[in-house]
Structure formats: C-alpha cells, structure tokens
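Working notes, beginning with the structure itself.
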Protein chains: 2
Amino acid sequence: MSMTALAGDERLPLYQRLAEVLRRDVMEGVRRPGDRMPSETALSAEYGLAPGTVRQALSALVDDGLLERFHGRGTFVRRPSFDRSLFRFFRFRDASGEWRIPESRILKRSVEPAPSHIARQLRIKDGEPAISMSRLRLLNEAPVLAEEIWLPKARFGAFLDLSESAIGPLLYPVYDAQCGQLVARAEETLTAEPASRETARLLRIDTGAPVIVIDRLAKGFDDTPLEWRRSKGRADQFHYHTEIR
Amino acid sequence: MSMTALAGDERLPLYQRLAEVLRRDVMEGVRRPGDRMPSETALSAEYGLAPGTVRQALSALVDDGLLERFHGRGTFVRRPSFDRSLFRFFRFRDASGEWRIPESRILKRSVEPAPSHIARQLRIKDGEPAISMSRLRLLNEAPVLAEEIWLPKARFGAFLDLSESAIGPLLYPVYDAQCGQLVARAEETLTAEPASRETARLLRIDTGAPVIVIDRLAKGFDDTPLEWRRSKGRADQFHYHTEIR
DNA sequence: GACATATAGTCCTATAGAGAACCAGATTGC
DNA sequence: GCAATCTGGTTCTCTATAGGACTATATGTC
C-alpha cells in the first residue's frame, strides 16, 4: 500500500498527469506490448486517486492507441499493428479473391553511406553507414510492389548476418527479434508519379505509366526513426477510401 | 419539469440510448448546425439521469464529430467542415505562399438522364433527370482542378435558375441556401490514372501524365446522397501525409 | 465612455461507492 | 473424463455531489 506520488506539472489535471506517467512507462520499455496493466482499482490505490479519475487516464491512452481494453480481462499495452497502413488500399488478392501477404524477393542488400535525404529522415549524420535494401514483392509470381529500404547500421548491424531465407516477407518482427528494435508507429506519405524505366521493368508495366509511391518512416516508442522505406505499386491497383465530415 | 422517458432498446446502456435520441434530433433537423444543445444539467433533469451519464452520452457524440464542446460556453451541433478532405493535400498556394480557395469557371451546366454508375451512387433511378456540370478551378489563371459534378434534379431544381456569377467557388453553402440541401459528410476515394487528352488539355499537362482522381459522394444528415463529384488534379502537386500505429 | 468587478451559466475535474457484465480458472458433481 | 457451477478478478455502467475553470453579460466605478 505504498502510495506513489504523481509527477508532472501541478497545474495539469490529475488524470492527465497519471496518463503521462503511464505513457512514459511504455515509452521507456518498463511495460512492453502485450503486458497487462495494473487493474483500475490497483492503480487507484497506488496513486491515491478515485477510480473514475484512473479510468479517465486510461481512456485517454486507449484513445491514443497506446493501450487496449478488454471487458473482464484487463487493460493491455497494445501491440502495434499496421492494419491502417495505406498499403491496404492496394487491391492485392490472389486468384481466390483472398487477401494475402505478398512474398518477398530481396534483390540487393548492402552497406552504404547514407545519402543526405535518407540521413535526414533517419536522423543520423550525413554519410554515416546504413543498410540499403531493394525488394520485390510478388503475388502468384506477379510483381506488385517495388521497395527500397534504408536502416541505420548502428542499430541494425545484426540484420546483415541473416540469410535471405531467414527473413521472410514481414520485416518488423525480424527487427524486434534479431535487432531489439520495436516499431511503434509510422508516418506515411502518398504521391503518384510516372514509372521510371527501371520501375516499369520491375513491375512489368509501361514506362511512364502512373505508379503510387508510398514513403514510410517507421519510429520506435521513444520516437527514434528506425526505418525509411519507399514502395511503388501500379496505380491501377490502388484506391484509397475515406470518410470525412 | 416534465421528465421525458428514454426511448430505445432497454438492454443498451443509458448513455448510449440518450446519445441515439440526441443524434436523431440532429439527423431529423430538430437541432441544426450551430444550435446550442441544452446544458448538461438541463439534460440530466430532463431525462432523470446523473450528470455523469449525460456527459458520457455527449462525449460519444463529440467523438463522432456530431457535436462540439466549448468550455464555459456550451455544447453545439457541429457545422460540418471539410478541412479534412483529401483536397487539402494538393499544394495549391498562390505566389505569396498562402493557401487560397481556387476560383471557379463553369464550363458546362445541363440536365441529362443520369448514367447508371452515377444513378447508383446518387441512389436515384437509372436515367432519371440529373444536373451535370463541368468546372475548372484556377489559381492565378493557372488551372489546378478539373471537376465533373452530378446532382439529382428532384432536389436541386432551384440550382438551374442561378446565374454563374451568383454561384462562386464554394457550392455547399449554395446548396444549403438555394436548395435547402445540407451536406453533413462525404465519402472520398482517391485513385491515380494517366491524363486523357481532354483532361491534359484542361490542366495544361502532357497526355498520359499522372493525375490524381478524387471521387466524392456528399451526403445529408439523413444519409441521402446529395452530390457526386469527380475532381482531377496534377499528381506532382499532390502528396498525402498520415500517421499510423 | 472606459475599465474593472461581480454574477450567472456553462463545461471540466475529482471524489466515493454500488452493482452489473464479463472472463478465466478452480472446484464440484456425475 | 466431462460438464456444470462457483469464485475471484476485471472492466463497465450509473448514481450523487462538490468545487474549479472558463465565458459572456450585466453592473458598478471612475
């Protein structure tokens, strides 16, 4: 029954201060994705707050996507999932109409000095060593995405030792397991451009045909940029849908 | 002090039932955008609920974008604004770098039987009379968007009587004032395609150059489709940015 | 008239408590 | 062994109350 004092700016409401304390726990890795949070009653005892106040703090973090609540089971640190990525608006279905993860063929993997525009994104020094990778993503032998990926070598050195067969189509689990780098969120930018001769060859379309370009900067819980990625796919396979009001 | 009984499924929580009642008021036009809702204490007296319960109901509607709260002033029916539209990702700035609403030049306005794909979207009968319009949107004499617009004639007959000068660049206020049709929300779909010869001529780009296509279906509070619109702009002026997690 | 002050109305924060709904695992009964 | 039941723990709903914080308007003061 040791009551912990609540840190933070005294002028801020209690529920916000509690939320910040809990958020910090997650950002610093004290609590990891999948962990169960203390129960609402436990937290209210711990910090000497009314249950309603604790609940308000948790609600804020749930709205933020940091936590996940399950009636009767508990409140958990959310495992980041990228279901909301722009990629899901590519119509990638196999013959049976099912959604599938495209397989991956690595075309190139090497260490190079980071070009300045990459370095700026990854927040490393210009020319610092980085891992550069080209991948082709395929569905039933048909190419659907051409990808260019950059990683800071300082964090991802272990990635170089892996054989291609050990990598598979999904990279983030590999980053976590092999390099201890956990992706928490990402920023994505969508543009369209005419296919270069090289891109056209990879995607087997005409040079100059429109391609959708998605740039993604993936970040850790502490906001460190971890991976920069540029993916190109056929524009005629893409349509993004949203509701506004 | 007449206490109103709360309609709706008895198994649902009270705050949800109250939220649905209030939502219906807005959808049926009992309360219009800009109106102030009764205060939380007034509602709690009216329905015989604790203030906390009422607040929970209002919060749900605020999250939903239907209401808007102002500390110390009140809770209001939100005026739909389309700041979140995909259009804001076009880099349309004038010479001084300021964001401006592009002016509008109407190229064509006529009544035609609705083609089937339009009729389906507007939920009217195939071939039913509809208003068809082509517009060019310009910034400093430079064309930036080519638009094709369809309206169901049954609702928008009054729109035909207006002179072009009376219309201006923003249509939704005109729909409201002249035709009594209030747009509450919209669905937008983004694709990219090579410019047709016609589109290329309007936008003054090369035929086959990539253009961003945004289809929008605007709906009323009661979910009736009101306007279908297809807008095309230069792909090299567009980039959509979002965060995911 | 200009500016400070009071006041009423609003949403916002926080407390305290009770019971319902739900879930997982242990126990019981057969 | 298997199924039903119980039990403890969790989140969820709802009540009731009190005071703080903010806004707009009215009032007073100079």
Side-chain angles (χ1 to χ4, degrees), chain A residues 1 3-23 26 31 34-79, chain B residues 1 3-23 26 31 34-79:
Chain A
M1 189 23 140
M3 213 181 78
T4 310
L6 207 46
D9 189 334
E10 307 239 340
R11 292 165 304 183
L12 262 44
L14 291 174
Y15 78 93
Q16 277 185 32
R17 288 162 65 191
L18 175 56
E20 281 318 301
V21 168
L22 298 177
R23 179 195 303 278
V26 174
R31 305 181 194 281
D35 287 359
R36 201 179 76 186
M37 299 290 290
S39 74
E40 298 180 351
T41 44
L43 284 172
S44 82
E46 165 86 1
Y47 291 96
L49 299 173
T53 307
V54 170
R55 195 168 164 71
Q56 207 175 348
L58 292 176
S59 297
L61 296 176
V62 169
D63 290 348
D64 221 53
L66 200 74
L67 302 182
E68 208 170 1
R69 273 206 272 231
F70 298 96
H71 189 173
R73 283 208 297 136
T75 304
F76 298 80
V77 180
R78 182 162 161 274
R79 290 197 164 78
Chain B
M1 176 48 100
M3 212 181 77
T4 310
L6 207 45
D9 189 334
E10 307 239 338
R11 293 166 304 185
L12 262 47
L14 290 173
Y15 78 92
Q16 277 185 33
R17 288 163 64 193
L18 174 57
E20 281 318 302
V21 167
L22 298 178
R23 179 195 302 279
V26 174
R31 303 182 195 282
D35 287 359
R36 202 179 73 187
M37 298 291 290
S39 74
E40 297 180 352
T41 44
L43 284 172
S44 83
E46 166 86 358
Y47 290 95
L49 299 173
T53 307
V54 169
R55 193 168 165 73
Q56 207 174 348
L58 292 176
S59 297
L61 296 175
V62 169
D63 291 346
D64 222 55
L66 199 74
L67 301 182
E68 209 170 1
R69 273 206 271 234
F70 298 95
H71 190 174
R73 283 209 293 136
T75 304
F76 298 79
V77 180
R78 184 165 159 273
R79 289 197 166 77

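Here is the naming used below: chain letters follow the sequence lines, and residue numbers restart at 1 for every chain.
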For [X], salt bridge (charged side-chain N to carboxylate O under 4.0 Å, His left out) partners two or more places apart:
{"X": "A:Arg79", "result": "none"}
{"X": "A:Asp64", "result": "A:Arg23"}
{"X": "A:Arg17", "result": "none"}

**Q.** B:Leu14 CG - C:dA20 C1' separation (whole Å)
**A.** 12 Å
Q: For A:Arg11 and C:dC12, give me the distance from atom CZ to atom C1', rounded to whole Å.
A: 18 Å
Q.
Counting primed atoms plus P, OP1 and OP2 as sugar-phosphate and everything else as base, spell out the protein contacts along nucleotides 3-10 of chain C at 4.0 Å heavy-atom distance: B, S or - for each nucleotide, 5' to 3'.
A. ------BB
List for me each residue that meets side-chain contact (heavy atoms from CB on, under 4.5 Å) alongside [X], sequence neighbours excluded, and say none if there are none.
{"X": "A:Arg78", "answer": "A:Glu68, A:Ser81, B:Arg245"}
{"X": "A:Arg36", "answer": "A:Phe76"}
{"X": "B:Arg69", "answer": "B:Glu40, B:Arg55, B:Leu58, B:Ser59, B:Val62, B:Thr75"}
{"X": "A:Thr41", "answer": "A:Ser39"}

Q) Where does the chain B footprint on DNA chain D start and end, counting 5' to 3' with a 4.0 Å heavy-atom cut-off? A) D:dT13 to D:dA24
Measuring only between side-chain heavy atoms, which start at C-beta, is [X] closer than 4.5 Å to [Y]?
{"X": "B:Leu67", "Y": "B:Val77", "answer": "yes"}
{"X": "A:Tyr47", "Y": "A:Leu14", "answer": "no"}
{"X": "B:Leu18", "Y": "B:Leu6", "answer": "yes"}

Q | DNA chain C contacts made by residues 51-65 of chain B, counting heavy atoms under 4.0 Å | A | B:Arg55
